[in-house]
Amino acid sequence: MEALNANEQREFAAIMERRQMKDFMTMYSNLVQRCFDDCINDFTSKAVSSKEETCVSRCVDKSLKTSERLGQRFAEQNQAMMQGTGQMGGI
Amino acid sequence: MEALNANEQREFAAIMERRQMKDFMTMYSNLVQRCFDDCINDFTSKAVSSKEETCVSRCVDKSLKTSERLGQRFAEQNQAMMQGTGQMGGI
Amino acid sequence: MEALNANEQREFAAIMERRQMKDFMTMYSNLVQRCFDDCINDFTSKAVSSKEETCVSRCVDKSLKTSERLGQRFAEQNQAMMQGTGQMGGI
Amino acid sequence: MSFLGFGGAAQPTSAQKIAAAEQELEMITDMFNRLSNSCTKKCIPPDYKEGDLNKGESVCLDRCVAKFFEVNVKVSEQMQNMQASRGGAAGGAFGGFGQ
Amino acid sequence: MSFLGFGGAAQPTSAQKIAAAEQELEMITDMFNRLSNSCTKKCIPPDYKEGDLNKGESVCLDRCVAKFFEVNVKVSEQMQNMQASRGGAAGGAFGGFGQ
Amino acid sequence: MSFLGFGGAAQPTSAQKIAAAEQELEMITDMFNRLSNSCTKKCIPPDYKEGDLNKGESVCLDRCVAKFFEVNVKVSEQMQNMQASRGGAAGGAFGGFGQ
């Protein structure tokens with residue numbers, strides 16, 4: 001990827017932009033599905049209970065924080081691997 | 001989507017048509033996989049037993065009915081949401 | 001598919017070639033994920049233990065052999081089905 | 001899907017409008033597939049004692065769909081609130097949550 | 001795949017024939033991936049005490065493939081019968097079953 | 001991804017370079033999605049007693065990412081060794097492993 005010239009980088013950036021909305025949609029759908037699967041297990045009523053609602057809210061919160069942390073670590077590891085060290089410091 | 005004119009609607013319909021075969025294929029493959037996974041658990045023989053065959057047949061039957069019911073409810077909810085009510089009557 | 005002429009076959013071969021890298025990548029990613037999921041369950045350290053490493057190595061080995069065997073049987077069954085017999089001999 | 005709070009921008013071209021309609025269709029199809037998956041797991045026991053849906057299963061499916069939509073709306077609202085309070089896009093370079 | 005009862009229509013163009021071949025290839029690949037998934041889960045315990053397939057695992061895989069094909073044929077027949085008795089396409093606007 | 005041992009060939013065109021960059025991006029995104037999936041399952045209990053990540057969960061996620069990369073490298077090395085000793089491409093016509 002380092003070998004892309006200015007024109008190629010511009011074209012690639014346009015492609016990435018077109019992908020972003022799609023990636024956001026997938027992220028959103030995964031989030032809904034995960035929190036629904038984990039929090040909604042009572043079908044004696046058609047309305048979401050307050051207990052379920054709390055669970056969903058925390059699930060969204062925690063999932064976003066999880067994704068953020070994983071993204072940071074992933075970027076670090078990826079960076080390290082690209083530089084050929086293959087090792088990160090000291091957890 | 002409401003803003004598509006006649007030409008655009010025609011083009012969109014053509015796109016949808018091309019998708020339909022693919023969607024049917026996915027539906028069919030999901031159906032086979034689900035019924036196989038749920039019904040086939042005995043590998044002491046290479047032939048499907050009559051008990052397994054009954055299970056598969058009911059699984060197909062029930063899955064299609066499930067999908068039909070879910071599709072109806074989904075369409076209703078989707079309709080209601082589009083109209084901004086966000087609420088369906090009374091189950 | 002039997003009805004493709006020479007030109008069409010050439011074009012189809014080119015399409016298949018473009019797919020091969022992608023299919024290999026998916027295969028590789030599935031392999032990593034399976035062996036990670038099955039073998040890595042201790043998070044008291046950030047380094048892969050020798051026990052986990054052995055597990056991963058056997059998992060890769062066994063998964064490739066599994067895939068090879070499944071590929072052979074699949075091809076046989078597919079062949080048999082195409083010829084309309086729908087039956088394979090004797091396991 | 002309008003409840004996600006997208007849309008806006010003025011005078012799209014035909015190609016853009018068709019692409020948007022296609023994307024909306026894809027997203028609705030994807031949502032239905034996920035809902036199908038979840039509600040079938042939650043409501044239909046995998047032993048298939050009969051080919052028909054019984055009363056309990058049918059009611060469970062109906063409620064499951066209603067709850068799935070309600071959760072969808074709640075998650076959407078929560079994310080819009082977070083975005084508003086942050087004053088920008090949530091999430092980073094990598095946005096997948098896996099399934 | 002012919003066992004699904006598709007095909008028909010007269011004199012397709014080159015592009016159509018190639019697209020059909022591509023779709024057939026994709027469907028066969030998808031079917032193999034699903035079969036792999038299912039048969040691995042059913043036949044290979046995830047503890048990996050050895051790197052080789054033992055006799056029991058090998059035989060299980062062989063039978064699993066045979067049964068997967070047989071189920072495929074049975075489901076296909078059942079759907080064709082249903083379609084025939086309904087006199088039209090089965091399923092509605094939404095057709096996914098989830099995985 | 002360079003650790004897979006691809007690359008090579010001389011003087012690609014612009015279109016090829018962009019396609020390669022796109023494929024690399026797709027593969028990295030896919031890898032992140034799989035890692036997210038696996039590490040969330042392994043580190044985050046699905047009961048959501050709080051909205052924040054606690055210390056134990058955070059550390060587990062960090063180690064999980066590190067281990068995922070290490071496994072990736074090991075699998076890559078093992079496959080390269082196998083390919084080298086076979087002197088050719090591993091795998092056959094069907095290469096999926098399912099998930």
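Using a 4.5 Å cut-off between heavy atoms, C/Thr66 makes no contact with chain F at all.
Residues C/Lys46 and F/Val59 have side chains not in contact (no heavy-atom distance under 4.5 Å, counting atoms from C-beta outward). Contact check for C/Ser29 versus F/Met27: side-chain heavy atoms found under the 4.5 Å cut-off. Between F/Cys39 and C/Phe43 the shortest side-chain heavy-atom distance does not fall below 4.5 Å.
Side-chain atoms of F/Lys42 do not come within 3.5 Å of backbone N or O of C/Asp42 as any donor-acceptor pair. In this structure a side-chain-to-backbone donor-acceptor pair under 3.5 Å is missing from F/Arg34 to C/Gln33. A side-chain donor-acceptor contact under 3.5 Å links F/Gln78 to the backbone of C/Ser57.
Listed by chain and number, the residues in a side-chain contact (heavy atoms from CB on, under 4.5 Å) with F/Thr13 are F/Ala15, F/Gln16 (sequence neighbours excluded).
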Worked check of side-chain contact (heavy atoms from CB on, under 4.5 Å) between F/Val75 and C/Tyr28: CA-CA 9 Å; F/Val75 172; C/Tyr28 176 79; 3.8 Å; yes
field: Derivation of the side-chain contact (heavy atoms from CB on, under 4.5 Å) call for C/Val32 and F/Phe68
entry: CA-CA 8 Å; C/Val32 170; F/Phe68 195 91; 4.1 Å; yes
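The minimum heavy-atom distance linking C/Leu64 with F/Met82 is given by the pair CD1-CE, 3.1 Å. Across all non-hydrogen atoms, the minimal contact from F/Met79 to C/Leu31 is SD-CD2, 3.6 Å.
Applying the salt bridge (Lys or Arg N to Asp or Glu O under 4.0 Å) test to every pair with at least one member in residues 47-60 of chain C, sequence neighbours left out, gives these pairs: C/Glu52-F/Lys67, C/Glu53-F/Lys74.
The CD atom of F/Gln23 sits 9.0 Å away from the NZ atom of C/Lys22 when rounded to the nearest 0.5 Å. The distance from atom CE of C/Met25 to atom CE of F/Met31, rounded to the nearest 0.5 Å, is 11.5 Å.
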